[in-house]
Amino acid sequence: MFSESNIIQANYKLHSSVLETSINRLSITSEDHRIDENDFIGFLFKSSSAIDIEFFKLILGEFEFDIIYLGETDGLFYYTASFEDVYPEESNFWHTISSPYQIKLGKIILNNIGVLRISLLNVQTNNYQKIGSVEVTSDKLNNDDVNDLFDYLLGKNVSYWNPFALTVHQNENKPLRLSFFLLVAQLEKDINNISLLLPEFLTNPISTLNPTYINEVFDERKIMDDYSIQWLFSNLDVLEKTNLISTNTVKIKNSVYNIKRMLTKDFYNEVDIYENQIIAGFFIDLIDVLSAHLKNIRLKVDLLKEEEITLNKFSIVKIQEKKFLERQGRLSKELINSISIIKGTFSEYFAISFPLTEAPKPVNKFESKEHYLIVHQIIIRWYDYKDLSWGSNELFGGIRTLDKLYELFCLYKLIDVIKALGFKDPKSTLDNYHDYLNESNHIGIYDFGTSNDNSNSVRLFYEKLPDELCTIIPTGTGRELRPDFILEISNKHGVRYVILDAKFKKIKNIKRYTFQELIPKYLHGIGKIDGSKISISGLILLFPEDKSFINKWKIDFHKSTYSIEGNKSVSPVILAIEVPLGKHRDIRLREILKRLILI
């Protein structure tokens with residue numbers, strides 16, 4: 001069998017720049033190595049005994065790959081990993097070396113950053129044998145860029161992405177079931193619902209009707225029972241002899257007495273009962289758990305700040321961790337404040353002696369009133385959440401590479417720019433069939449309505465074609481063409497479209513390859529279902545800041561005279577626009593969209 005004692009060496013390929021002159025292998029038993037996202041990578045395993053490759057997989061983060069037998073030399077058995085179908089068979093994605101057997105190296109970590117953990121999986125026993133891990137860095141982003149990217153997207157409450165590429169979550173013993181941010185989103189919704197129901201709780205609480213006795217001035221309209229009579233005979237001093245016979249007198253042995261005071265019976269609604277104790281305890285438990293989490297976050301952030309001061313260069317992974325922790329801290333604090341307000345109002349009207357911090361078991365009374373039933377379901381969900389893992393190292397579910405992160409950045413940047421042109425916050429109609437662990441939950445339509453001057457209406461389609469459009473060329477895969485974004489502009493003259501695609505590439509590659517690829521693909525591959533003429537005003541590629549390119553502001557496919565700013569401007573406009581990472585760096589994008597939307 002393939003066991004830890006059998007592994008003599010497991011190597012990975014480092015640095016594409018030295019491929020032609022050196023094999024340059026490093027052992028991956030150490031966690032101190034870093035590789036670049038553009039490096040070619042491959043694996044060579046040596047084993048002192050033959051293994052059954054059917055029962056072993058190479059695990060890179062959350063992905064698994066087959067093991068391939070290479071051959072035997074000097075009593076050692078050589079194996080490699082198969083990375084087929086990771087990227088297309090294009091020469092710039094692959095390289096082959098011989099060491100001592102031919103190994104295929106590929107850019108399997110392209111556009112990924114984070115900690116790449118490497119393990120072998122025994123599929124029979126489901127046991128993982130950790131080989132090592134390396135940190136994957138980016139040559140397209142510096143630390144400031146990463147800061148800006150995380151700040152912007154976290155500020156938009158993007159609910160689904162994980163910049164750890166090809167990684168697994170660090171809590172190995174407890175699989176991810178719920179991310180902190182999804183938990184907060186659910187809690188915010190739940191707390192808002194409880195806030196709306198609070199008036200109903202105050203006017204229509206669950207309570208028990210309890211008897212009480214009051215020693216008060218006699219009033220025949222009050223309720224008196226046998227116990228009241230017994231009390232009277234035990235307290236004859238409340239009787240005053242009189243000659244007047246009235247409704248508040250009694251006759252004892254031919255003597256008439258006036259009743260000064262009497263123990264009367266009354267009923268009151270007791271709210272200090274199980275159901276309300278559970279709700280009061282729920283508020284306390286929420287605040288306690290979130291406060292403990294907030295305290296832990298602050299300690300970790302402080303440690304990271306000290307580390308940042310100590311180190312000359314703060315790694316991208318550390319930047320990401322710090323941003324996520326800071327965001328978690330802000331959300332926790334805001335949520336604690338919201339819960340505290342509701343808890344205070346509830347406590348003011350419900351004097352609870354023993355708040356119960358436990359999942360409710362008797363449910364019959366909760367089911368008797370609708371507002372109690374709704375809160376009962378919220379409380380049950382919370383105590384289910386408490387058993388799940390939603391720690392600080394388990395961020396958003398799923399995998400998102402840097403190119404996908406940049407695409408989401410461009411989505412919200414487009415929304416910001418369109419709003420700046422005089423449109424309102426968009427109403428979103430999002431596709432709801434996506435599994436949040438595998439697909440983006442931002443796919444759909446963003447409807448901005450009509451501009452302030454009521455001349456144009458705008459809809460933004462993200463990874464989705466408008467209903468009236470379709471793919472009109474064969475694609476080979478059978479899938480429809482879906483640009484990242486389609487801007488639909490409508491007015492009394494008809495409907496126009498602007499196609500936009502986010503490209504996490506250097507501008508030299510966009511100019512050399514991407515223009516030529518996308519022009520026929522999108523301008524001639526998308527048309528109307530009914531075959532009528534389609535009006536496309538532009539094809540625009542969006543790319544991050546490229547510090548190596550000097551004249552980057554005006555990257556038009558056409559000559560300057562025929563560009564969108566020339567005196568012989570042609571349609572459709574074909575150009576690339578630099579959209580740098582950050583909040584307020586969209587001047588060029590705003591200028592171009594203003595021309596295309598408001599004409």
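Keep in mind it's a predicted model, so treat the numbers as computed, not measured.
Side-chain contact check for K300 versus I297: every heavy-atom pair is 4.5 Å or farther apart. At least one side-chain heavy atom of W382 sits less than 4.5 Å from a side-chain heavy atom of D285. In this structure, Y462 and I486 have side chains that are not in contact, with every pair of non-hydrogen atoms separated by 4.5 Å or more. Between Y152 and K413, the closest side-chain pair of non-hydrogen atoms falls below 4.5 Å. For the pair I445/L460, no side-chain contact is recorded, criterion being any heavy-atom separation below 4.5 Å from C-beta on. No side-chain heavy atom of T208 sits less than 4.5 Å from a side-chain heavy atom of V271. Proximity of I597 to V458: side-chain heavy atoms (C-beta onward) are separated by under 4.5 Å at one or more points. Residues S291 and I336 form a side-chain contact, since some pair of their non-hydrogen atoms from C-beta on lies under 4.5 Å apart.
Closest non-hydrogen pair, G444 versus K464, comes out as CA-CD, 4.0 Å. Shortest non-hydrogen contact noted between I418 and F423 is O-CD1, 3.3 Å. In plain terms, the two heavy atoms of F409 and L581 that are nearest each other are CZ-CA, 3.6 Å. Here the closest non-hydrogen pair linking G329 and L294 is O-CD1, 3.5 Å. Taking each heavy atom of F201 and V375 in turn, the nearest pair found is CZ-CG2, 3.5 Å. Scanning all heavy atoms of the two residues, the minimum distance from D484 to A502 falls at OD2-N, 2.8 Å.
Residue L198 holds its CG atom at 10.5 Å from CD of E200, rounded to the nearest 0.5 Å. In this structure, the separation between OG on S338 and CD1 on I287 is 10.0 Å, given to the nearest 0.5 Å. Taken from CD in Q328 to CZ in R330, the straight-line distance is 11.0 Å, to the nearest 0.5 Å. Distance check, rounded to the nearest 0.5 Å: NZ of K241 to OH of Y257 gives 5.0 Å. Note that CG of L487 is 7.5 Å distant from CG of L414, once rounded to the nearest 0.5 Å. If you take CG on L187 and CD1 on I194, they are separated by 9.5 Å, rounding to the nearest 0.5 Å.
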| Residues F485, V498; criterion side chain to side chain contact (heavy atoms under 4.5 Å, CB included); working and verdict | CA-CA 8 Å; F485 313 101; V498 178; over 6 Å; no

| task | Decide side chain to side chain contact (heavy atoms under 4.5 Å, CB included) for E488 and E468; before the verdict, give the C-alpha distance in whole Å, the side-chain angles of both, and the deciding distance to 0.1 Å. | result | CA-CA 11 Å; E488 179 190 82; E468 62 273 16; 3.0 Å; yes

| said: Working note: S451 + L421, criterion side chain to side chain contact (heavy atoms under 4.5 Å, CB included); need CA distance, chi angles, decisive distance, verdict. | reply: CA-CA 8 Å; S451 60; L421 295 179; over 6 Å; no

| request: Could you walk me through whether F448 and K419 pass side chain to side chain contact (heavy atoms under 4.5 Å, CB included), step by step? | output: CA-CA 8 Å; F448 294 85; K419 286 166 57 179; 4.2 Å; yes

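D586 places no side-chain N or O within 3.5 Å of a backbone atom of L589 that could act as its donor or acceptor partner. N456 places no side-chain N or O within donor-acceptor distance of the main-chain N or O of N491, the cut-off being under 3.5 Å.
Around atom NZ of K260, more than 12 heavy atoms belonging to other residues, nucleotides or ligands sit under 6.0 Å away. Atom CG of D302 has more than 12 heavy atoms from other residues, nucleotides or ligands within 6.0 Å. Counting non-hydrogen atoms of other residues, nucleotides and ligands closer than 6.0 Å to CG of D467 gives a total of 12 or fewer. With a 6.0 Å radius and a threshold of 12 heavy atoms from other residues, nucleotides or ligands, K57 has its NZ atom above the threshold.
For the pair K427 and D447, the salt-bridge criterion is not met [side-chain N within less than 4.0 Å of a carboxylate O]. Salt-bridge check for K404 with E463: passed, with a basic side-chain N closer than 4.0 Å to an acidic carboxylate O.
Annotation: F283 is in aromatic contact with F346 [ring centroid separation under 6.0 Å].
Judged as a side-chain contact (heavy atoms from CB on, under 4.5 Å), and not counting sequence neighbours, the contacts of R381 are Q186, D190, I378, Y385.
Each side chain to side chain donor-acceptor pair (under 3.5 Å) pair with one or both residues in residues 350-374, not counting sequence neighbours, appears once here: N204-K369, D272-S353, N276-Y372.
Ring-plane geometry between Y274 and F366 is classed as perpendicular, the angle between the planes exceeding 60 degrees on a 0 to 90 degree scale with a lower cut at 30.
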